[in-house]
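These notes concern the structure reproduced below.
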Amino acid sequence: MIFKSGISGNINKHPGIKHEVKLRRSMLKSLKKTIKQYERELLSALNKDLGKPKAEALISEILPIYKDIKTTITYLEDLMAPEKVSSPLLLFPGKAYRYPEPYGHILIISPWNYPVALSFIPLIGAIAAGNRVTLKPSEISSASTRIIEKIIKKAFPDNSVSVKTGGVEETTELLNTRFDYIFFTGSTNVGKIVMKAASDNLTPVTLELGGKSPCIIDKNVNIKKAARRIAFGKCFNAGQTCIAPDYLLIHKDVKHRFITEFKNVISSFYPKGAIESNYYAKIINERHFNRITEYLNDVEIISGGNHDKNRLKIEPTLITPINDDIPVMKEEIFGPLLPIIEINDIDEAIGYINYHPKPLALYIFTNKKSTSLKIIEETSSGGVTVNNTLSHYINPNLPFGGIGDSGIGKYHGKETFKLFSHYKSVQYTSKIDIKQIYPPYKIPIYILKKIYNLMT
Ligand code: NAD
């Protein structure tokens, strides 16, 4: 991870900050050490909750936490130092600074699909920025939540970070309590509940929400590579990823080749079938299994479609929706079904996307730079990956978040520290006093205008 410092303050001149840097570093180190101690238990809890293959659990839930802690510790001093900014001539020889100060007490509410990473990654930024934290992990990924609670209790015996477990009732209780900032990851509907509750105390919020992330496939494309990369993005965690490609808008000229390649890729990923594979996650619970399989009632299945209720597994399934008004085309699928919509040209795809709520992610597969630029410039989304899926999420220098229905606010990398910091503006002023600026104003207006324009 590369944080560009750009911060010019010198913390040696601030003994209070120097002491705080030490304290926060030791909290981050304690968190890392404790997660390492519980790594095996976390992996087995993730397997119990979601059947997560070890490789997927490591690269999406555990390793990013270690990396984030390491880089946050490295750049903490820079991030905490007051940032010197210039002052206009009018205030000469004044000095001005932006002081990052903690908000105070942060509430982090996390979902079940990446229960570990989506609890700890925001937590790292919140404690690095000096806040106290209450974490409310999901009740649905209960095995992971139990280990998260153990880790927090052990890493922070002083209760500077605490865990509150429970479901709707307990979260509602928390939302009725005053916090200084609420960081919520979850569905758009619950996001609205959170924002309403926050408004009572004018509590600032970050809402990391979901929605339907489209994937456009142009006719000028490496179809084999596109099929592999889309299948990977959709099959990872069995489609239970906020930025999974939700549906395809595919040029009619390449549709049939794509279907063939997609089927080949799935067979190569899971030679004995996805349901049998240990490298393919399960659906979180029976409610979601039923929700996803019910979508199959309104569609034509192109490939896949098998499912096993006992093991809560659903094959990666390509489908043709009969129209745009059926549930699978209105709701976030959050499972391994991939609807295909045929398009005649790129303008049709752009029109479709702009007619629907702004997505969290947008994927573009094309060999033509002019086509990707056109789509980027004529649509709005939280983020975009060109010729792959999920990739913009991984780059710590690209702040991650949604827009409109897919969320408010962005984090990752140094943005997480900034998100959890209030930047206090501080102006030191000069000893020189220009008498003419005080009443009674004797200065002629035309000179006042000139001086103002010159000196500000
Ligand atoms: P959810 O909104 O049902 O639950 C999220 C959290 O809110 C949980 O901790 C839950 O206990 C709590 N909650 C649920 N109902 C509540 C209510 N009525 N009042 C108060 N609190 C309530 O979301 P989920 O099912 O856990 O996660 C799936 C959703 O999260 C999907 O929409 C997905 O796209 C989204 N998501 C977004 C991101 C992102 O980074 N943008 C990441 C992961 C998941």
Side-chain angles (χ1 to χ4, degrees), residues 212-236 238-239 241 243-275 277 279-280 295-296 298-307 314-324 326 328-329 333 335-353 356 359 361-376 378-379 381 384-392:
K212 294 181 84 63
S213 297
C215 178
I216 303 178
I217 307 174
D218 183 26
K219 64 179 172 187
N220 298 298
V221 73
N222 180 332
I223 204 76
K224 201 170 179 165
K225 199 178 269 177
R228 189 181 324 121
R229 292 179 173 193
I230 291 166
F232 178 73
K234 190 68 176 181
C235 295
F236 204 84
T241 302
I243 48 167
D246 189 274
Y247 62 93
L248 302 181
L249 294 163
I250 188 164
H251 196 282
K252 60 179 175 11
D253 291 357
V254 290
K255 181 177 152 185
H256 292 292
R257 272 175 48 223
F258 177 84
I259 291 171
T260 309
E261 291 300 343
F262 189 86
K263 286 186 201 164
N264 291 342
V265 173
I266 297 301
S267 308
S268 73
F269 282 1
Y270 315 113
K272 289 184 186 148
I275 290 177
S277 177
Y279 301 120
Y280 185 67
Y295 287 144
L296 294 173
D298 294 331
V299 301
E300 183 196 314
I301 294 175
I302 304 171
S303 70
N306 292 319
H307 44 274
I314 304 173
E315 268 186 342
T317 302
L318 279 182
I319 56 176
T320 310
I322 46 172
N323 61 51
D324 208 33
I326 54 177
V328 75
M329 291 315 295
I333 297 173
L337 314 188
L338 187 57
I340 298 194
I341 300 170
E342 195 177 293
I343 51 162
N344 292 303
D345 54 36
I346 290 302
D347 284 316
E348 201 180 326
I350 291 172
Y352 187 95
I353 290 165
H356 291 86
L362 172 63
Y363 301 114
I364 305 168
F365 284 83
T366 181
N367 291 333
K368 281 186 132 182
K369 185 123 200 255
S370 58
T371 303
S372 53
L373 273 179
K374 179 180 164 70
I375 299 168
I376 292 167
E378 294 182 19
T379 60
S381 61
V384 176
T385 291
V386 179
N387 287 325
N388 213 330
T389 55
L390 319 181
S391 311
H392 65 284

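One-based numbering along the sequence shown.
Residues satisfying the side chain to side chain donor-acceptor pair (under 3.5 Å) test with T385, not counting sequence neighbours, are H392. With sequence neighbours left out, Y295 forms a side chain to side chain donor-acceptor pair (under 3.5 Å) with R291, E331.
Within the model, atoms CG of N367 and CG of D218 stand 8.0 Å from one another, a figure rounded to the nearest 0.5 Å. Here T366 contributes atom OG1 and I216 contributes atom CD1; the two are 9.5 Å apart, rounded to the nearest 0.5 Å. Here the straight-line distance linking atom NZ of K234 with atom OG1 of T241 works out to 9.0 Å at 0.5 Å rounding. To the nearest 0.5 Å, atoms NZ (K263) and CD1 (I302) are separated by 8.5 Å. Interatomic distance, CD1 of I346 versus OG1 of T371, reported as 6.0 Å (0.5 Å rounding). The distance from the CG atom of L318 to the OG atom of S303 is 4.0 Å, given to the nearest 0.5 Å.
For residues 338-352, the pairs satisfying salt bridge (charged side-chain N to carboxylate O under 4.0 Å, His left out) are K255-E342, D347-K374, with sequence neighbours left out.
With T379 contributing its side chain and I350 its backbone, the two residues share no donor-acceptor pair below 3.5 Å. Within the 3.5 Å criterion, the main-chain N or O of V254 finds no donor-acceptor partner in the side chain of K219. Under a 3.5 Å cut-off, the side chain of S277 and the backbone N or O of A274 do not form any donor-acceptor pair. Judged by distance alone, with hydrogens and angles left aside, the side-chain atoms of Y280 form a donor-acceptor pair with the main-chain N or O of I314 at under 3.5 Å. A distance-only check finds no donor-acceptor pair linking the side chain of N344 to the backbone of H251 [under 3.5 Å]. A distance-only check finds a donor-acceptor pair linking the side chain of H307 to the backbone of G305 [under 3.5 Å].
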Show your working on side chain to side chain contact (heavy atoms under 4.5 Å, CB included) between I230 and C215 and close with a plain yes or no.
CA-CA 8 Å; I230 291 166; C215 178; 3.7 Å; yes
For I376 and V386: C-alpha separation, side-chain torsions, deciding distance, then whether side chain to side chain contact (heavy atoms under 4.5 Å, CB included) applies.
CA-CA 9 Å; I376 292 167; V386 179; 4.3 Å; yes
Worked check of side chain to side chain contact (heavy atoms under 4.5 Å, CB included) between I217 and L248
CA-CA 7 Å; I217 307 174; L248 302 181; 4.1 Å; yes
Checking V328 against V299 for the side chain to side chain contact (heavy atoms under 4.5 Å, CB included) test, could you report, in this order, the C-alpha distance in whole Å, the side-chain angles of both residues, the deciding distance, and whether it holds?
CA-CA 9 Å; V328 75; V299 301; 4.0 Å; yes
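Ring pair F365/F258: centre-to-centre distance not below 6.0 Å.
Between R257 and T260, every side-chain heavy-atom pair lies at or beyond the 4.5 Å cut-off. Between E315 and I301, every side-chain heavy-atom pair lies at or beyond the 4.5 Å cut-off. Using a 4.5 Å cut-off on side-chain heavy atoms (C-beta onward), P339 and I333 make contact. Contact check for N388 versus Y363: no side-chain heavy atoms found under the 4.5 Å cut-off. Two residues are said to be in side-chain contact when any heavy atoms from C-beta on lie closer than 4.5 Å; I259 and I340 meet this criterion. At least one side-chain heavy atom of M329 sits less than 4.5 Å from a side-chain heavy atom of I341. At a threshold of 4.5 Å between non-hydrogen side-chain atoms, the residues Y279 and C235 do not count as touching. Counting only heavy atoms from C-beta outward, the side chains of L249 and I353 approach each other to under 4.5 Å.
I322 and D298 make their closest contact through CG1-O, 3.1 Å (heavy atoms, listed as atom of the first residue, atom of the second, distance). Across all non-hydrogen atoms, the minimal contact from I223 to E261 is CG2-CG, 4.1 Å. Of all heavy-atom pairs between L362 and S381, the closest is CB-OG, 3.7 Å. Closest approach of A231 to V265, counting heavy atoms only: CB-CG1, 3.7 Å. Listed here is the closest heavy atom pair of I343 and A349: CD1-CB, 3.8 Å. The shortest non-hydrogen separation linking D246 to K212 is OD1-NZ, 2.6 Å.
Counting heavy-atom neighbours within 6.0 Å of K252 NZ, excluding the residue itself, gives a total above 12.
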